[in-house]
Number of protein chains: 2
Amino acid sequence: MRLVDRTVKNCYAGQMARPRQFDEEQVIRAVRDQFWDAGYAATSLEDLVRVSGLGKGSLYGAFGDKHRLFLRALREYTDTSGGYLREMLTSAPRALDALRAFVMAPVNDPGGAAARRGCLMANSTYELATSDPDVLAEARRTYEATTALVAESVGRAQDEGDLPRDVDPVGTARALLAAQQGLVFMGRTGLDIDTLTATAGTLAAKLLPDA
Amino acid sequence: MRLVDRTVKNCYAGQMARPRQFDEEQVIRAVRDQFWDAGYAATSLEDLVRVSGLGKGSLYGAFGDKHRLFLRALREYTDTSGGYLREMLTSAPRALDALRAFVMAPVNDPGGAAARRGCLMANSTYELATSDPDVLAEARRTYEATTALVAESVGRAQDEGDLPRDVDPVGTARALLAAQQGLVFMGRTGLDIDTLTATAGTLAAKLLPDA
DNA sequence: CGCATGGTGGACCGAACGATCCATAATCAG
DNA sequence: CTGATTATGGATCGTTCGGTCCACCATGCG
């Protein structure tokens, strides 16, 4: 009989005879990129073994089954993206410029590679949200967090006199997020980067007037 | 040796001893709904047999393999949607109202069921566009056709004096399409229909000023 | 009315999947 | 150095998948 749950790391009191021979975060990032490029269903365990450099047993021992590993990779993505977003929104001298950069983010890539790859959270939402409650919950969580962050910057832009006082920060944030995700979608259809950039500029100009 | 290609319907000169016992279009619509609800990978042949009411052999004999059947269902969807769109855009007395209805289309549903279901073409693009050239081609085709239709209405709204003359119809059409697809995405995250409707209204107001 | 045609769908197949298992080897405590 | 411990990953399992096949029979013609 198995006395320890090997799917949970180091939760027992025994000695640690052999430490991990791989960087957990590095593996998660590799796995995340694989799911990002191919999607969940189209990624086989063989793919995960290949990109991680680990064996099946090690993968299961360290992270649990495919579904848990995916959720872990998805969480890594949303945490990293959320961090970038927060930094982008807070570091800009003027909030209005930060909001413009937020809308333009999907095309902020020289070759448009990021635009074609899309957003892992959006990809996962479209593929799994209807059948996987965990993914749906993560999508809602990310959506709400992003809306709150953007709304905060909208308020700051109002304080700085770059946006009129009578607009609703949260409503504006939702509209900006919708516009950004619409651009992500158009990027996934293979629309060329120049046209995509022009469309992003149009949306930013209409949704964020200088008045 | 098989002398006739049974995957192609009635392309031979022999007699027609037994006519089809099912309505081809009806089967395609049922299959389309299944793919719409569950996605491509998550739909098994067993599911297709169940919703179509046909046996595996009949399904393969009439439509070919799963991939061809999916493309057929996808084409049915884009044709039907394109027809609705064309009618919606041309039947409205004023083109500006039609454009507003276009942006609000994802939330034009009492319970928000359509919003949660999303758009089959968008779902398919996110799930398959990176790996399936046929789906990517269909996505581009649909995107370009939609852009052209909307741009035509933008031009008509200009002629009717509802939109300023100096805006680019095609660029505006792309921005409207991006906004609409952004709303579709937010619907897929499970956002409640009231908030979604408000966001749609905000986007329509910003992108389609009365000036 | 009987025969030839071909639509029908359940049985069946090989392949690939996710998941589990266990012999091996690497590691650290004593 | 020795033994206890556990990370490791190739072998293997049962399941499910998409796809094929063929015995059956409904059908329309002569």
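Here is the naming used below: chain letters follow the sequence lines, and residue numbers restart at 1 for every chain. Just the heavy atoms: all of them, side chains too, but no hydrogens, waters or symmetry mates, feed the values below.
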Residue Glu76(A) excluded, over 12 heavy atoms near CD under 6.0 Å: yes
Lys66(A): partners by side chain to side chain contact (heavy atoms under 4.5 Å, CB included), with sequence neighbours left out: Phe35(A), Tyr40(A), Leu45(A), Leu48(A)
Polar contact flag, side-chain donor to acceptor under 3.5 angstrom, Asp47(B)-Ser44(B): yes
Touch class at under 4.0 angstrom, heavy-atom based, for Leu59(A) against every strand present: nothing
Annotated protein contacts, base or backbone, on nucleotides 12-19 of chain C with a non-hydrogen cut-off under 4.0 Å, one of B, S, - each: -----SBB
Between C1' of dT6(D) and CZ of Phe22(A), the distance in whole Å: 13 Å
Nearest-angstrom distance from the residue atom CZ of Arg68(A) to P of dT20(C): 11 Å
Presence of Ser58(B) side-chain N/O under 4.0 Å of dG9(C) phosphate oxygens OP1/OP2: yes
Anything under 3.5 Å between a donor and an acceptor, one on a side chain of residues 176-188 of chain B, the other on a protein residue two or more places apart or in another chain? List them.
{"from": "Gln180(B)", "atom 1": "NE2", "to": "Phe102(B)", "atom 2": "O", "distance (Å)": "3.0"}
{"from": "Arg188(B)", "atom 1": "NH1", "to": "Arg117(B)", "atom 2": "O", "distance (Å)": "2.9"}
{"from": "Arg188(B)", "atom 1": "NH2", "to": "Tyr126(A)", "atom 2": "O", "distance (Å)": "2.9"}

Tyr143(B) versus Arg174(B), side-chain donor and acceptor atoms under 3.5 Å: yes
Distance, rounded to the nearest Å, where Phe63(B) contributes CZ and dG18(D) contributes P: 17 Å
Intermediate values then yes/no, side chain to side chain donor-acceptor pair (under 3.5 Å), Thr195(B) and Asp192(B): CA-CA 6 Å; Thr195(B) 307; Asp192(B) 67 282; 2.8 Å; yes
Value in whole Å for how far the P atom of dG10(C) lies from CZ of Arg50(B): 14 Å
